[in-house]
Amino acid sequence: MLARLPGYLAISPLAAGRSRGDDAGMAITEPQPGGVLADFSKRLVEVDGVGKTVYTGGSGPAVVLMPEMPGISPDVVRFARWIRDAGFTVYLPSLFGVDGAFPTVADGEQVVRRACVSAEFRAFAGSGTSPVVSWLRGLARTALRECGGPGVGAIGLCFTGNFALSMALEPAVLAPVVNHPSLPLDDPGGLEISDEDAAAVRERIDRDGLKVLSYRFDNDRWCTGQRFAAYQALLGDAFDGRVLPGESANPEPPPFFRDVVGTPHSVVTAHLVDREGHPTLRARDEILAFLAERLSPPTTTG
């Protein structure tokens, strides 16, 4: 995701592979104990023998919030806190990067490179669904079992954006939110999902009447209009893709987003403007309303 270099994709699989394991020179600042994640519980969740750190907080129906690249930044935690405070139980899994910190530009680039060659992720066109989605579906089952309710919400951001759609193959997932999906990195009109999974997702959406909510900025180079058109072609009227003007994005995001992403991108995190009536804050409120509508227990009469 190195927008400073020529072309849409700045990391080829081979170039990324050369950087694999180059952790010795990294100097990521570890978050201090009691930092931005202090009001969330930290636990290890195992799915099929694979354990990952998950931060949880709140009460009510469960929402799995996946981090954006390059990790669980304070902006992602802020969004998790908004979801929690709106009456949901947030499950925030650690998938890459350093939890609770804003990385330097160089460290953020290293996180991207490692993710691109990781066996858990499929960052490039033609690779199909990322294997980590199977673990995330298991997390959704765990969340439903622990929280109850009709189902679970799934929110993907950037690198994990499309994971929310792939997670819809798990029956527990009732409210997928696909925010500014950036994969595959080398195909602006591609979808990070196998043909088999795409067909199965479409079948489930048709059968169960699911809706998929999605956001992007109109001048986002990582989540383009071509990508939204591909979602529309796959999902039809079930895809609710909403586009915000790029000039509404926060003009002073953290350094990784300013220097590496280099374009309006993260609608409800790094590029959100926390001001009443602002388009990005309205997007946040629309997401919360979507979760409430889809995850509220059915009402009974009589």
(request) Would you please classify the geometry between the Tyr231 ring and the Phe239 ring as parallel, tilted or perpendicular, with 30° and 60° separating the classes? (result)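 Judged by the thresholds at 30° and 60°, the geometry between Phe239 and Tyr231 is parallel.
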(message) Angle between ring planes, Phe121 versus Phe163, binned at 30° and 60°: parallel, tilted or perpendicular?
(response)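 The rings of Phe121 and Phe163 lie parallel, inter-plane angle below 30°.
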(message) I'd like to know whether Leu157 forms a side-chain contact (heavy atoms from CB on, under 4.5 Å) with Thr269, so could you lay out the CA-CA distance, the side-chain angles of the two residues, the decisive distance to 0.1 Å, and finally the verdict.
(response) CA-CA 9 Å; Leu157 305 169; Thr269 52; 4.1 Å; yes
Is any side-chain heavy atom of [X] less than 4.5 Å from a side-chain heavy atom of [Y]?
X: Phe102; Y: Pro70; result: no
X: Cys158; Y: His265; result: yes
X: Phe256; Y: Asp107; result: no
X: Pro181; Y: Cys223; result: yes
X: Val273; Y: Ser248; result: no
X: Val63; Y: Ile155; result: yes
X: Phe96; Y: Met69; result: yes
X: Asn250; Y: Asp274; result: no

[X] side chain to [Y] backbone, donor-acceptor under 3.5 Å:
X: Ser118; Y: Arg114; answer: no
X: His271; Y: Ala249; answer: no
X: Ser94; Y: Thr53; answer: no
X: Asp187; Y: Gly189; answer: yes
X: Trp222; Y: Val261; answer: yes
X: Asp186; Y: Phe124; answer: no
X: Ser194; Y: Thr129; answer: no
X: Arg294; Y: Ala289; answer: no
X: Thr160; Y: Pro67; answer: yes
X: Thr224; Y: Arg221; answer: no

Any ion pair linking [Y] and [X] (charged N to carboxylate O, less than 4.0 Å)?
X: Glu293; Y: Lys211; value: no
X: Asp99; Y: Lys42; value: no
X: Asp75; Y: Arg78; value: yes
X: Arg122; Y: Glu192; value: no
X: Arg216; Y: Asp220; value: no
X: Glu146; Y: Arg43; value: yes
X: Arg258; Y: Glu252; value: no

Which atom of [X] lies closest to which atom of [Y], heavy atoms considered:
X: Asp218; Y: Pro245; result: OD2-CA, 3.5 Å
X: Ala283; Y: Leu244; result: CB-CD2, 4.4 Å
X: Ala164; Y: Pro176; result: O-CB, 3.5 Å
X: Phe217; Y: Gly246; result: CD2-CA, 4.0 Å
X: Leu136; Y: Pro93; result: CD2-CG, 4.1 Å
X: Leu144; Y: Pro150; result: CD1-C, 4.4 Å

(request) Starting from the C-alpha separation in whole Å, work towards a yes-or-no answer on side-chain contact (heavy atoms from CB on, under 4.5 Å) for Arg275 and Leu281. (result) CA-CA 7 Å; Arg275 186 173 69 240; Leu281 203 62; 5.7 Å; no
First locate atom [atom1] of [X], then atom [atom2] of [Y], and finally report the distance between them rounded to the nearest 0.5 Å.
X: Thr142; Y: Arg137; atom1: OG1; atom2: CZ; result: 14.5 Å
X: Leu65; Y: Arg81; atom1: CG; atom2: CZ; result: 12.0 Å
X: Asp285; Y: His278; atom1: CG; atom2: NE2; result: 13.0 Å
X: Glu68; Y: Phe159; atom1: CD; atom2: CZ; result: 12.5 Å
X: Gln232; Y: Asp240; atom1: CD; atom2: CG; result: 9.0 Å
X: Asp197; Y: Leu165; atom1: CG; atom2: CG; result: 9.5 Å

(request) Run the numbers on Arg284 and Trp82 for side-chain contact (heavy atoms from CB on, under 4.5 Å), then give the verdict. (result) CA-CA 9 Å; Arg284 179 207 66 179; Trp82 280 329; 3.1 Å; yes
(message) Could you go through Glu170 and Arg204, starting from their C-alpha distance and side-chain angles, then the distance that decides it, and tell me whether this counts as salt bridge (charged side-chain N to carboxylate O under 4.0 Å, His left out)?
(response) CA-CA 10 Å; Glu170 165 54 48; Arg204 198 220 157 175; over 6 Å; no
(message) Any donor-acceptor pair under 3.5 Å linking the side-chain atoms of Glu120 with those of Ser130?
(response)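 Ser130 vs Glu120: no donor-acceptor pair found between side chains.
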(message) Same cluster or not: Val50 versus Leu139, using hydrophobic residues (I, L, V, M, F, W, Y) connected whenever any side-chain heavy atoms lie under 4.5 Å apart?
(response)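 Hydrophobic grouping puts Val50 with Leu139.
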(request) Assert yes or no for the condition that the ring centre distance of Tyr55 to Tyr91 is strictly below 6.0 Å. (result)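 Tyr55 vs Tyr91: aromatic centres not under 6.0 Å.
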(request) Have a look at Arg84 and tell me which of Asp39, Thr56, Thr89 forms a side-chain hydrogen bond (donor to acceptor under 3.5 Å, both in side chains) with it. (result)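 When side-chain hydrogen bond (donor to acceptor under 3.5 Å, both in side chains) is applied between Arg84 and each of Asp39, Thr56, Thr89, only Asp39 qualifies.
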(request) Before giving the answer on side-chain contact (heavy atoms from CB on, under 4.5 Å), spell out for Leu272 and Val267 the whole-Å C-alpha distance, their side-chain angles and the decisive distance to 0.1 Å. (result) CA-CA 6 Å; Leu272 178 140; Val267 174; over 6 Å; no
